[in-house]
Structure formats: C-alpha cells, structure tokens
Amino acid sequence: MTIRTRFAPSPTGYLHIGGVRTALFSWLHACHNGGQFVMRIEDTDRLRSTQASVDAILEGMQWLGLDWDEGPFYQTQRFPRYTEVINELLEHDLAYPCYCSREALETMREQQKAAGIKPRYDRRCRDRTAPPPPGVEPVIRFKNPLEGAVEFDDVIRGRIVISNQELDDLIIARPDGTPTYNFTVVVDDMDMAITDVIRGDDHVNNTPRQINIFNALGAQAPRYAHVPMILGGDGKRLSKRHGAVSVLEYREQGFLPEALLNYLLRLGWSHGDQEIFSREEMVDLFDLGTVNHSASTFNAQKLVWLNEHYIKTGDLTDKVARFGEMLAADGLNLEHGPAVRDVYEVQMERAKTLVEMVEKSRVFYTPFPGFDEKAAHKYLKLVVAEPLEALRNRWQRLPDWRAEPIHDVLKQFVAETGIKFGKIAQPVRVAITGTAVSPALDKTLWLLGQEQSMQRLSHALAWIRSRESG
RNA sequence: GCUCCCUUCGUCUAGCGGUUAGGACACCGGCCUCUCACGCCGGUAACAGGAGUUCGAUUCUCCUAGGGAGCGCCA
C-alpha cells in the first residue's frame with residue numbers, strides 16, 4: 001500500500017513554525033516512502049477562516065518547496081459528502097439529535113467542574129424518546145461506545161490506551177448542518193485514503209474519538225504519529241507572542257528556506273551528530289519512528305547559524321536573485337553599481353541574513369553617504385592626507401580595476417613608503433565607505449568601481465584638509 | 001479537578017546495561033588579520049529526585065516532583 005500523508009491546516013491564522021514542522025515531517029515521510037502528500041484546507045469554521053490565511057499558507061508551503069501531489073482540497077466544498085455520512089450515521093443509530101441549549105451545557109459543565117469531575121456531555125439526549133421541542137434546531141452527536149477502551153500504536157510514542165469512559169458524545173454537526181472538526185477529519189482521511197496521519201501532539205486526545213468514528217463507519221483507521229510541540233523561549237507553547245509567526249515573516253527577515261527546513265528537521269529528530277542536511281539527505285534519512293517524544297524550545301540563534309551556513313553554501317543562483325529583489329525593494333538602483341552576484345559573493349562571508357546583507361551593501365548603490373563621525377575623527381587626520389593622495393594617484397592610473405591588481409598597488413605602496421598596512425587601510429576604508437567597517441579593502445574598492453572610488457577619495461582628502469585648516 | 005503525554009549541558013540533541021556521558025548553537029579564551037566577519041584551536045556546562053531489577057544503571061520498572069496538552073456548536 002502506498003503511503004499517503006496530508007497536511008491539513010485551518011486557515012484561521014498564518015502558517016507558523018510549528019505547522020511548518022508538521023508539514024515537513026509529513027512531506028518527508030511521504031517522499032521517503034515514495035508515497036503521496038496531500039494538501040487539505042480545514043475551513044469548516046467559516047467565521048474564523050479567511051482567504052488571506054489560505055493564501056499565506058499556500059505561499060509559505062511553496063516558498064519552502066514543500067510541494068503536494070494532490071489538493072489543495074477545501075472542506076467547505078465537501079459539505080454534501082459530510083451530510084451524506086451524517087445521515088448514514090443517523091440511519092444506523094450511530095448518531096442522534098441533541099436539543100440541549102448552549103446555556104444548559106454550560107451550566108452542566110460548571111457543575112461538573114465544581115464537583116471535581118471531568119466536564120463532559122452527560123448524554124441526556126442520547127436515549128431521548130420525547131417529541132422534539134418546537135423551534136429548536138438540534139445539533140447531531142456521535143454515539144461514542146460506552147464501554148471498553150481505544151488502543152492505538154502511535155508511530156512516535158508507541159501504544160496509547162484511552163478508556164471510552166473518558167470520552168463523551170461529541171457534536172459532529174451544528175444546528176445549521178455544518179460539520180465539525182473531529183468528524184470532517186475522519187471522513188476526509190477516509191475518503192482521501194490517508195495512511196499516516198502526522199500532526200501535533202495536541203491532537204492525541206482527539207485520536208480515540210476519531211478512531212471510534214472510523215469504526216462506526218466501518219473504515220480502517222490510519223496510523224497516527226503525534227509530533228511534540230515547539231515551545232517558545234519562555235517554555236510555553238509557541239504563539240504569536242514569540243516574534244515572527246508567519247513563515248513568510250522569516251522570508252522577509254532574510255532567512256533561506258533551506259535553513260528553516262534544516263533547523264526544523266533537527267528540532268525533534270536527529271541522525272547521529274549530523275547537523276547539516278541537504279534536501280536529498282533529509283528525504284533519504286528521515287524516519288518518523290525516531291522522532292523525539294518531548295517538546296523542544298525554538299532557538300533563533302541556531303536558525304541564524306544555519307542561515308549563515310546556507311547563505312555561503314551550495315548553488316548561489318536563487319539566493320542571488322532573492323538578494324537582488326531585496327536590494328531593489330529597498331529602493332536601490334541596481335543599474336548604477338556592481339553586479340549583484342559580485343556583491344553577494346563578497347558579502348556572503350559576513351552576513352547572517354539577506355536583510356543584513358542588504359544593509360551592508362547599500363554603500364555600493366548609493367551616493368557617498370557621509371562620514372560616520374567617530375570613524376572620521378579617528379582615521380581621517382591630516383597626517384594621512386599626503387599618503388592617501390599618493391595612493392589615490394596610483395590607483396587612478398591602474399588600468400585593470402580588479403581586486404587583485406588593486407591589492408597589488410596597495411602592497412607595493414606599503415612596501416615602498418614603509419607605512420604600515422593597518423595605518424593606511426582604515427583611512428582608505430573610511431574615505432570610501434564613510435565607516436570603519438566593510439569587506440576587504442581591495443574587494444570594496446573593486447565593487448565600488450574606479451571612478452566612484454577616486455571621487456570618494458578626493459572628497460575625503462578635501463574634507464580632511466578643510467577640517468584641519470578650518 | 002480529571003485524562004493523556006513528556007523529562008541528558010542555557011538551547012537542540014547522541015546514547016539504546018559497563019563511555020573520561022559525544023556533537024551542535026550560544027558563551028568564554030587563543031590563533032589568523034587592513035576593519036567587521038569567516039575559519040581554525042581550546043575551555044566552561046547535563047543524565048530532575050527517590051525506590052527497586054541487576055555484578056553494574058543515563059539506559060529497564062515503579063513512585064514523587066516539574067513541565068506540556070486536552071476536557072468547545074475551534075481546528
């Protein structure tokens with residue numbers, strides 16, 4: 001039987017880190033086994049579901065390259081099917097209408113809590129024989145077995161047993177006939193022939209209910225694998241309080257999909273001491289059964305480390321393209337300046353994110369930004385004016401404006417004049433970038449271009465002389 | 001409150017009865033060096049507690065503590 005997994009988010013919010021990891025594990029499990037991955041949107045909550053969320057989820061999945069074989073299916077388009085199954089259940093006396101009001105249910109729960117017992121529906125309508133009260137549209141409840149226990153072997157956690165006495169008769173349809181979650185998942189997983197349900201462990205308590213519905217429907221329940229939660233830095237479940245929620249936010253912040261995926265893979269799963277996994281290795285090595293049992297804390301610093309790694313590793317094409325987009329989005333005119341790829345290759349050793357890279361690269365695409373006061377004060381002194389000018393003149397005559405010859409000129413200048421490398425390098429750096437920090441000097445000059453470099457050096461010289469004399 | 005689940009350095013983790021308890025991020029030193037980084041070398045740091053089982057427990061069992069999840073006409 002071919003393995004079929006699915007990712008079934010509800011579009012009531014954005015796709016966040018926890019969801020992405022569940023999606024990744026589902027995708028990997030399908031790929032690893034040569035199976036299929038299905039995308040399904042659980043939008044039965046029409047009040048909270050939004051198209052914007054659907055779009056963000058799908059876009060996030062695409063950005064990460066978690067492509068699906070089937071779907072996306074929308075539950076709101078399957079209502080006739082759910083109604084059909086509900087009627088089937090009703091006919092076979094496996095479900096029943098319940099006329100209890102929300103208020104009555106609420107007071108019942110409060111009484112139960114006060115009595116120290118688990119709040120759950122007391123089944124008062126299960127064996128109701130009285131005629132339906134007029135004017136009340138009932139909900140439909142599933143007849144959960146009264147005795148026995150549900151046992152299942154979680155792929156990750158092993159055997160889990162829950163007594164039916166812990167379970168009440170859950171509502172499967174609202175008064176208006178719209179179905180509810182625990183019911184639609186079952187119908188969908190059944191109809192879509194899902195073999196392996198991989199989801200967050202906040203669903204373990206729902207699993208026995210769903211298995212009971214599968215049984216009532218005479219269908220074989222899938223295998224279940226409950227992955228542990230991801231916690232925020234405060235040890236609490238990851239939520240909107242922990243910074244960037246949407247995966248797309250990570251894209252905006254300059255993270256690479258391969259970094260995010262690699263990070264998430266290692267959160268709860270490992271392969272010996274290996275930290276870096278290519279997409280092929282992930283698919284090849286991933287094993288659902290060896291996923292950890294315990295929740296793990298999200299650590300942004302390690303994500304950053306992986307991002308640094310992927311910024312400078314592997315094929316650069318996509319990353320350079322993305323970098324170019326971000327430079328343009330920053331309002332920079334890429335026509336006037338060095339090739340984006342050249343800048344990328346120079347900056348990739350020193351940027352943690354693409355956003356940081358953009359910030360550090362503005363200097364190549366804008367007019368001289370002016371001097372950082374502290375840097376200028378420290379390095380642009382009158383004593384350097386003369387050597388700076390001499391050096392400028394040598395560079396001015398350089399016919400081949402590439403990093404290597406630029407560096408040769410500097411080396412020769414230092415050798416001939418006896419000026420220490422460090423004594424002249426920083427003044428040049430400040431002169432051309434305005435700050436004391438930049439990539440290697442020869443590379444910086446090269447990227448800036450000869451004309452621009454000469455202009456800035458002249459400007460700096462004039463600035464030094466006017467400052468010292470004035 | 002009830003039910004279910006979890007517990008190795010600060011964090012992510014390796015371990016699958018006998019190890020100086022390993023790796024990674026972060027942190028702290030050092031080297032490299034034209035700045036910032038990269039890189040390299042080194043260091044600090046953990047088996048929640050208690051009973052068993054066993055010649056021997058991080059590893060197996062139970063209890064306690066702590067943490068998480070669920071108990072919706074949300075998914």
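Source: prediction; values computed, not measured. Protein chains get the first letters and strands the later ones, always in sequence-line order, with residue 1 at the start of each. In what follows, every heavy atom counts, from backbone to side chain, and hydrogens, waters and symmetry copies are set aside.
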Starting at atom [atom1] of [X], determine the distance to atom [atom2] of [N], rounded to an integer number of angstrom.
X        : N     : atom1 : atom2 : answer
A:Leu410 : B:U35 : CG    : C1'   : 13 Å
A:Asn292 : B:U11 : CG    : C1'   : 14 Å
A:Asn182 : B:C71 : CG    : P     : 9 Å
A:Asn206 : B:G70 : CG    : P     : 9 Å
A:Arg48  : B:A75 : CZ    : P     : 8 Å
A:Trp305 : B:C38 : CH2   : C1'   : 14 Å

What's the closest nucleotide to the [X] side chain, out of [options]?
X        : options             : value
A:Ala440 : B:C73, B:U35, B:A69 : B:U35
A:Gln301 : B:C4, B:A26, B:U13  : B:A26
A:Gln426 : B:A69, B:G23, B:C34 : B:C34

Margin query: Contact list please: residues 97-108 of chain A against RNA chain B, heavy atoms, distance less than 4.0 Å, in numerical order.
Written below: A:Cys100, A:Arg102

Does the side chain of [X] get closer than 4.0 angstrom to OP1 or OP2 of [N] through an N or O atom?
X        : N     : result
A:Ser294 : B:G67 : no
A:Thr180 : B:C73 : no
A:Arg109 : B:G72 : yes
A:Thr44  : B:A75 : yes

[M] and [N], which share atom name [atom1], separated by this distance in whole Å:
N     : M     : atom1 : value
B:C28 : B:U44 : P     : 16 Å
B:C27 : B:U11 : P     : 16 Å
B:C62 : B:C40 : P     : 45 Å

Could a donor-acceptor pair under 3.5 angstrom be found where the side chain of [X] meets the base of [N]?
X        : N     : value
A:Arg120 : B:C71 : no
A:Gln112 : B:G1  : no
A:Arg157 : B:C5  : no

Item checked: Contacts of A:Glu137 that satisfy salt bridge (Lys or Arg N to Asp or Glu O under 4.0 Å) - sequence neighbours left out -> none

Margin query: My understanding is that only one of A:Thr83, A:Asp191, A:Thr44, A:Thr184 makes a side-chain hydrogen bond (donor to acceptor under 3.5 Å, both in side chains) with A:Arg78; could you say which?
Written below: A:Asp191

Notebook entry, point to check: Pick from A:Thr22, A:Asn206, A:Thr207: which one makes a side-chain hydrogen bond (donor to acceptor under 3.5 Å, both in side chains) with A:Arg199?
Noted result: A:Thr207

Checklist line | Cation-pi, A:Tyr121 ring and A:Arg141 (6.0 angstrom, 45 degrees) | finding: yes

Margin query: So, applying salt bridge (charged side-chain N to carboxylate O under 4.0 Å, His left out) with A:Asp122, which one of A:Arg124, A:Arg120, A:Lys118 is it?
Written below: A:Arg124

Checklist line | Residue whose closest nucleotide on RNA chain B lies nearer the 5' end, A:Glu349 versus A:Gly116 | finding: A:Gly116

Margin query: Pick the closest RNA chain B nucleotide for A:Arg266 and for A:Lys312 by heavy atoms, then say which residue is nearer the 5' end.
Written below: A:Arg266

Check: Salt bridge between A:Glu281 and A:Arg279, side-chain N to carboxylate O under 4.0 Å?
Finding: no

